[in-house]
Amino acid sequence: MGFFEEVYEAVKNIPKGKVSTYGQIAKLIGRPRSAKVVGWALHSNPYFGVVPCHRVVNRKGELSGGFAFGGSEIQKKMLEQEGIAFDNMGTINLEKYLWKF
DNA sequence: TAGATGACTAATA
DNA sequence: CTATTAGCCATCT
C-alpha cells in the first residue's frame with residue numbers, strides 16, 4: 001500500500017490557500033499516469049480529517065463530484081474559507097491557486 | 001483468482 | 001473546444 005501512503009503525504013503538504021491536481025500529485029510520487037489511483041486514495045480517504053482532500057481538484061479546476069466530505073458544496077465552502085476564489089463557472093483559477101512544488 | 005470499476009490525465013484527431 | 005484511447009493500481013464482486 002505504498003502508493004496510497006505517498007499520496008496522503010503529498011496531499012498533506014498542500015499549503016492552506018492552494019490547491020493541487022490529481023496529475024500533479026501522481027507525478028510527484030513518481031507515477032505520472034496513476035492519477036486515477038490518486039482519486040481512489042482520496043475516495044477511500046482512510047485519513048479523514050488529516051488529509052485535506054478538499055484541496056485536490058481535477059485538471060480543469062473543477063470540484064470532485066462524489067466528494068467524501070458530504071458533497072462539492074461543502075468542499076467549495078472549505079476552499080473559500082481558505083481564501084480560494086471560484087470563477088463564474090464554479091471552477092478554481094489554477095493559474096493563481098495551483099500549488100507548485 | 002479474474003475481471004470490472006473508478007474523486008483522472010495526456011496524447012491524438 | 002469535444003471525442004476517443006490507453007495507461008495506472010487498489011478495491012469490489
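Numbers restart at 1 for each chain; the letters A, B, ... are given by sequence-line order, proteins then strands.
Side-chain atoms of A/Y8 come within 3.5 Å of backbone atoms of A/A41 as a donor-acceptor pair (strictly under, hydrogens ignored). Looking only at distances, a side-chain donor or acceptor of A/Q75 sits under 3.5 Å from a matching main-chain atom of A/H54. The backbone N or O of A/F3 lies less than 3.5 Å from no partner atom in the side chain of A/R31, so there is not a single donor-acceptor pair.
Around the CD atom of A/E62, the shell of radius 6.0 Å holds more than 12 heavy atoms that belong to other residues, nucleotides or ligands. Within 6.0 Å of the NZ atom in A/K18, the count of heavy atoms belonging to other residues, nucleotides or ligands exceeds 12.
Ionic pairing of A/E80 and A/K77 is not present here: no N-O contact between side-chain nitrogen and carboxylate oxygen is shorter than 4.0 angstrom.
Rounded to an integer number of Å, the gap from CG of A/N45 to P of C/dA10 is 18 Å. Rounded to a whole Å, the CD1 atom of A/I29 is 16 Å from the P atom of B/dC8. The CH2 atom of A/W40 sits 18 Å away from the C1' atom of C/dG7 (whole-angstrom rounding). For the pair A/F3 CZ and B/dA7 C1', the computed distance is 14 Å after rounding to whole Å. Across the protein-nucleic acid pair, A/H43 atom NE2 and C/dC9 atom C1' stand 16 Å apart, rounded to whole Å. Rounded to an integer number of Å, the gap from A/R31 CZ to C/dG7 C1' is 13 Å.
Of the candidate nucleotides C/dC9, B/dA7, B/dG6, B/dG6 has the atom lying nearest to any side-chain atom of A/K36.
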Nucleotide N/O of nucleotides 9-13 of chain B paired with protein N/O under 3.5 Å:
{"from": "B/dT9", "atom 1": "OP1", "to": "A/R59", "atom 2": "N", "distance (Å)": "2.5"}
{"from": "B/dT9", "atom 1": "OP2", "to": "A/R59", "atom 2": "N", "distance (Å)": "3.0"}
{"from": "B/dA10", "atom 1": "OP2", "to": "A/R59", "atom 2": "NE", "distance (Å)": "3.1"}

